[in-house]
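Some notes on the structure that comes next.
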Number of protein chains: 2
Amino acid sequence: MEAKKTFFNLPEEKQKRVLETALEEFSEKGYEGASINLIVSKLGIAKGSIYQYFTDKKSLFLFIFDYAVELVRKTLKQVKQETREQPTFERIRRSLLAGVDFIERHPFIYRGYLKMMFEREAPFRQELLQRIRLFSSEYLTSLLMEGREKAEIRKDIDLETMVFLLDAVMDRFLQAYAISYLDSGLNLNRMKRPEIERHVNEIVELMRKGIGK
Amino acid sequence: MEAKKTFFNLPEEKQKRVLETALEEFSEKGYEGASINLIVSKLGIAKGSIYQYFTDKKSLFLFIFDYAVELVRKTLKQVKQETREQPTFERIRRSLLAGVDFIERHPFIYRGYLKMMFEREAPFRQELLQRIRLFSSEYLTSLLMEGREKAEIRKDIDLETMVFLLDAVMDRFLQAYAISYLDSGLNLNRMKRPEIERHVNEIVELMRKGIGK
DNA sequence: GGTCTTTGTGACCACCTGGTCATTTTTAAG
DNA sequence: CTTAAAAATGACCAGGTGGTCACAAAGACC
């Protein structure tokens, strides 16, 4: 457990406010860059107080990380359930849209994840990232394997290669939606839902049929 | 011009040593995280000296950025030239391999680029990134357009969507090669050239034919 | 030698960092 | 109202940051 008991004695509202404020700071500045001074001043509490809740910066970070991972895990699980009976490419489509919705609801979580990907400094970075990427790749692998059983997915190419492609495209799509400058030409960033959906459809169709011929 | 004349009066060897040392620091820690103190101590010169060469941290960074961009631009141009007469997918294959070679030769440049993608702090970040991403996407667009003329590339899907996919997959491939934890399953990181080539072939083949059916 | 300019130096500055802790304030119990 | 425990506070600390500047060293020319 990374938080002290004092933290859990706080009214739930305040707990959430602390978490959200710290999450915002971490996701914007990264682990090293995030400033405890700024967090407490944004919260309007004394610096000492935050150290009543968490032993140090690291444990605050890890606590938030767990909180975020749990949210992602739940979301993925739910989509998987809901689309159980549907064709594979429809499931992929839905997954991508679920990602868009998730970013809309929790913008700082996804940005924090991206920040971490390219930071050396975050504590346990390697382990934490592997944790995330593992269940992302497990998710896609199981999707594709079920797709193969239904003969919707080709069998003459390595499953891992396909997972790699899917992962790359989906992740980049969400990055483009969340950050801008990352979409190569398309302007996902400012689009409204119907347009987003059109692009999701097109990109999924493209992954199905390929660029060639 | 971001460097002072004193810098250019230095023996070329020392100029390069300064640039490479600073590049390494920036690419590992990002703009904010990089420490001038560390750079000068690694160089074995006094702190004041670096301020004889560059007016401040920002101009040092921008100078290095230009230096790096020029290297990338040249490399891309050369590949484009060399593969002029070849089939589109062969050109894509070659481009990806050129990326791998580039990382091998200049590991800090590519990492620096990744660092910047998710940093808010770097000066002129937006403009600089757009500069890079623009010529990456121009490069791919022209590749695909020429491919369409030769009827090697499908015409029933937006060119931009295809560029997006290509860009996403190629970039992710290089990330996986440069950083690890990013390959979803494949272990590009530790592979030797022949294996890398096998994966490049497979991934390009997959982009051509698609995942479906 | 002497003189003038260019380059190198590191103590110093103001400011910010994560973290501490003696002290005060708030809350709860009797 | 008293007492004891729990929580909030902010001055303070050591250590880091980018940047400055008076001075010393080195070169260049006569």
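Convention: sequence-line order gives letters A, B, ...; per-chain numbering from 1.
- In this entry the distance linking CG of A:Leu43 with C1' of D:dA8 reads 14 Å, nearest Å.
- Contact between the side-chain N/O atoms of B:Asn9 and the OP1/OP2 oxygens of C:dT7 is found at a separation under 4.0 Å.
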Q: Would you sort out whether A:Phe63 and A:Phe54 count as a ring pair (Phe, Tyr, Trp, His ring centres under 6.0 Å), showing the intermediate values?
A: CA-CA 9 Å; A:Phe63 188 79; A:Phe54 303 91; 5.7 Å; yes
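- Using a 4.0 Å heavy-atom cutoff across all strands shown, A:Thr6 reaches sugar-phosphate atoms only and no base atom.
- With rounding to the nearest 0.5 angstrom, the OG1 atom of B:Thr21 is 4.0 Å from the CG atom of B:Leu43.
- The two residues A:Val204 and A:Arg93 make their nearest non-hydrogen contact at CG2-CA, 4.1 Å.
- Rounded to whole angstrom, the span from the NZ atom of A:Lys4 across to the P atom of D:dA8 amounts to 12 Å.
- Distances shown here put every side-chain N or O of A:Tyr51 at or beyond 4.0 Å from the OP1 or OP2 atom of C:dC21.
- Among the atoms of the strands shown, only primed sugar atoms or phosphate atoms (P, OP1, OP2) are found under 4.0 Å from some heavy atom of A:Tyr53.
- Contact annotation: A:Ser35 reaches the phosphate of C:dG18 (side-chain N/O to OP1 or OP2, under 4.0 Å).
- Atoms CD (A:Glu25) and C1' (C:dG18) sit 13 Å apart, rounded to a whole Å.
- The B:Leu10 side chain lies nearest to C:dG8 when the options are C:dG8, D:dT17, D:dT9.
- A:Ile45 has its CD1 atom 16 Å from the C1' atom of C:dT26, to the nearest Å.
- A residue-by-residue look at B:Ala46 and A:Gly48 shows that B:Ala46 has its nearest nucleotide of DNA chain C further toward the 5' end.
- Atoms CG and NZ, on B:Leu62 and B:Lys57 in that order, are 12.0 Å from each other to the nearest 0.5 Å.
- Proximity of the aromatic rings of A:His106 and A:Tyr110 is defined here by a centroid distance below 6.0 angstrom, and this criterion is not met.
- Here the C1' atom of nucleotide C:dG18 and the CG atom of A:Leu38 are 13 Å apart, to the nearest Å.
- Atoms CD (A:Gln52) and C1' (C:dC21) sit 10 Å apart, rounded to a whole Å.
- Among the nucleotides C:dG8, C:dT17, C:dG18, the one closest to any side-chain atom of A:Ile36 is C:dG18.
- Taking atom CG on A:Asn37 and atom P on C:dG18, their separation rounds to 6 Å, with Å as the unit.
- Within 3.5 Å, a donor on the side chain of A:Lys47 pairs with an acceptor on the base of C:dG18, or the reverse.
- Put simply, NZ on A:Lys5 is 6 Å from P on D:dA7, counting in whole angstrom units.
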